[in-house]
A.B. asks: 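Here it is: the structure, laid out below.
Throughout, a chain's letter reflects where its sequence line sits, starting with A, and its residues are numbered from 1.
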Protein chains: 2
Amino acid sequence: MLLEAARAVFAENGYERATVRSIAARAGVDAAMVNHWFGGKEGLFAQAVLKLPFEPAELVTVLRDGPVEELGSRIVRTFLTRWDGVGGDTFQALIRSIAGHEAASTVLRDFFLQFFTGLLSDLGGDRRELRVALCASQLVGMGLVRYVARFPPMVEAEVDTLVTAVAPTLQRYLTGDID
Amino acid sequence: MLLEAARAVFAENGYERATVRSIAARAGVDAAMVNHWFGGKEGLFAQAVLKLPFEPAELVTVLRDGPVEELGSRIVRTFLTRWDGVGGDTFQALIRSIAGHEAASTVLRDFFLQFFTGLLSDLGGDRRELRVALCASQLVGMGLVRYVARFPPMVEAEVDTLVTAVAPTLQRYLTGDID
DNA sequence: GTCTATACAACGATAGAC
DNA sequence: GTCTATCGTTGTATAGAC
């Protein structure tokens, strides 16, 4: 599948360094087909990476289910599991493309905005915009360090280890004292 | 100054999208001079971005000075102040170039590794490698969201606000319970 | 629909005049 | 040392044969 190959190459190289030729070669099709089917590199990126494999609202519904005190845990575990699994290429491609493609920032920002705003609307509480940004900063940072910059201890750490370590941070950003 | 122009352009565009021509134009010199003086784009990037404006050890010395309970605060404030100020271009160029230039990851990783390892060696405690990576993840994430992805609440937030919100996270990653 | 060949642009780098 | 001109490469996109 061409879209899969595109996600993989964009995930490895980011938007700029990824070439249409290498994506096509990986998928076993001709480079001309990319332009024929998707209207160019831009269109391919939009279809392959900017269409996220899940909706924020759907994820909110899943995570609402459970005790509020363990919300941080469920969030960290959910993201790590998805990023370690099949949805990971999309996230990695997004992160790696932030420098080279404006829309990557926008999609990432909108996703976290909708996701955490949805969660926080249930919880009440003040300073929601800041809380959202704080949560996003820790999750994105964890993703960047684990999947892109590849700090060894973060790469090798088990999901459970990271959940235990990071969950209290999210929990505080969502429901605790931040001023 | 050519190095300043290089930092600015690399900070705005990342390594891949930045062009030698645009850097030279910004500095008011000829593009050929870049190759003549620095041996090419690669050499310019190495001199302008990969040579950090301060040493980790120097920063450790500064931050050691003060009560341990406020170490998280001092760290967050120090980084935000530097990144908001003149040293910011270098950091932003590094972050933005992670996708397009292998050495950017390495320099960033080594910096945080040396910096936090230096701090932790004073504090004792277990699981040092993981603590280092956790601290790095929060700081890098905050930087990415504030300076690159530009989530509005994080961009507009005062330094004091962020220090209050994020310091407890760093404090716990450094000296608290993470398992 | 699919592939071959190619046009077109932009980049990094270099050679050579001054 | 400095600039002009240009080379070679690479990447996107298209035109046209089958």
Side-chain angles (χ1 to χ4, degrees), chain A residues 1-51 89-90 92-107 148, chain B residues 1-51 89-90 92-107 148:
Chain A
M1 170 70 95
L2 190 55
L3 287 175
E4 255 175 74
R7 270 187 288 268
V9 175
F10 282 130
E12 278 174 22
N13 303 106
Y15 182 79
E16 281 292 317
R17 275 208 318 189
T19 69
V20 172
R21 280 178 164 86
S22 74
I23 294 171
R26 186 169 184 138
V29 304
D30 193 277
M33 294 299 94
V34 171
N35 299 301
H36 196 266
W37 291 332
F38 295 95
K41 185 184 185 180
E42 189 75 17
L44 179 60
F45 186 74
Q47 290 296 320
V49 177
L50 299 181
K51 305 276 186 200
D89 272 0
T90 305
Q92 204 168 318
L94 273 177
I95 288 273
R96 272 220 144 92
S97 303
I98 282 184
H101 201 289
E102 184 64 29
S105 287
T106 308
V107 167
V148 180
Chain B
M1 170 69 97
L2 189 54
L3 286 176
E4 254 176 76
R7 270 186 288 269
V9 175
F10 282 130
E12 278 174 22
N13 302 107
Y15 182 78
E16 282 291 318
R17 274 208 319 187
T19 68
V20 171
R21 285 176 164 85
S22 74
I23 294 171
R26 185 167 184 141
V29 304
D30 193 277
M33 295 299 95
V34 171
N35 298 301
H36 196 269
W37 291 332
F38 296 95
K41 185 183 185 179
E42 190 75 16
L44 179 59
F45 186 75
Q47 289 297 319
V49 177
L50 299 181
K51 305 276 187 201
D89 272 0
T90 305
Q92 201 167 321
L94 274 178
I95 287 272
R96 273 221 143 92
S97 302
I98 282 185
H101 201 289
E102 185 63 28
S105 288
T106 308
V107 167
V148 181

A.B. asks: OG1 of B:Thr106 to CD1 of B:Ile98: how many Å apart, nearest 0.5 Å?
C.D. replies: 10.0 Å
A.B. asks: For DNA chain C, what residues of residues 5-20 of chain B have any heavy atom nearer than 4.0 Å?
C.D. replies: B:Ala18, B:Thr19, B:Val20
A.B. asks: Hey, what are the protein-to-nucleotides 3-9 of chain D N/O distances that come in under 3.5 Å?
C.D. replies:
none

A.B. asks: To the nearest 0.5 Å, what is the distance between CD1 on B:Ile23 and CZ on B:Arg7?
C.D. replies: 11.0 Å
A.B. asks: Does any non-hydrogen side-chain atom of B:Arg96 lie less than 4.5 Å from one of B:Asn13?
C.D. replies: no
A.B. asks: Backbone N or O of A:Ala5 within a donor-acceptor pair of the A:Arg26 side chain at under 3.5 Å?
C.D. replies: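 Answer holds: no.
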A.B. asks: Can a side chain N or O of B:Asn35 be found less than 4.0 Å away from OP1 or OP2 on C:dA13?
C.D. replies: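 Checking C:dA13 against B:Asn35, a side-chain N or O does come within under 4.0 Å of OP1 or OP2.
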A.B. asks: Distance under 6.0 Å and angle within 45° of the ring axis: does B:Lys41 meet both against B:Tyr15?
C.D. replies: yes
A.B. asks: Nearest 0.5 Å, please: how far is CG in B:Asp89 from CD in B:Glu12?
C.D. replies: 8.0 Å
A.B. asks: To the nearest Å, give me how far apart CD1 (B:Ile23) and C1' (C:dA13) are.
C.D. replies: 15 Å
A.B. asks: Heavy atoms, side chains only, cut-off 4.5 Å: are A:Trp37 and A:Leu3 in contact?
C.D. replies: no
A.B. asks: Could you check whether any side-chain N or O of B:Thr19 sits under 3.5 Å from a backbone N or O of B:Ser22, counting only pairs where one atom can act as donor and the other as acceptor?
C.D. replies: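 It does hold such a pair.
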A.B. asks: Do B:Glu16 and B:His101 pair up side chain to side chain, a donor and an acceptor below 3.5 Å, judged on atom types alone?
C.D. replies: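 There is no such pair (donor and acceptor under 3.5 Å, judged by atom type) between the side chains of B:Glu16 and B:His101.
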A.B. asks: Between P on C:dA9 and NZ on A:Lys41, what's the gap in Å once rounded to a whole number?
C.D. replies: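 That distance rounds to 19 Å.
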A.B. asks: Counting only side-chain nitrogens and oxygens, does B:Trp37 get under 4.0 Å of the OP1 or OP2 atom of D:dT2?
C.D. replies: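 For D:dT2, OP1 or OP2 has a side-chain N or O of B:Trp37 closer than 4.0 Å.
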A.B. asks: Going by heavy atoms in the side chains, are A:Phe10 and A:Leu94 under 4.5 Å from each other?
C.D. replies: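 Contact flag for A:Phe10/A:Leu94 side chains = no.
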A.B. asks: Separation of A:Phe38 atom CZ from C:dG1 atom C1', in whole Å?
C.D. replies: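 In whole Å, C:dG1 C1' lies 15 Å from A:Phe38 CZ.
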A.B. asks: Could you grab the distance from atom CG of B:Leu2 to atom CD of B:Gln47, nearest 0.5 Å is fine?
C.D. replies: 11.0 Å
A.B. asks: Please list each protein N or O that sits under 3.5 Å from an N or O in nucleotides 16-18 of chain D, with the distance.
C.D. replies:
none

A.B. asks: Could you state the atom-to-atom distance from CD of B:Glu42 to P of C:dT14 in whole Å?
C.D. replies: 13 Å
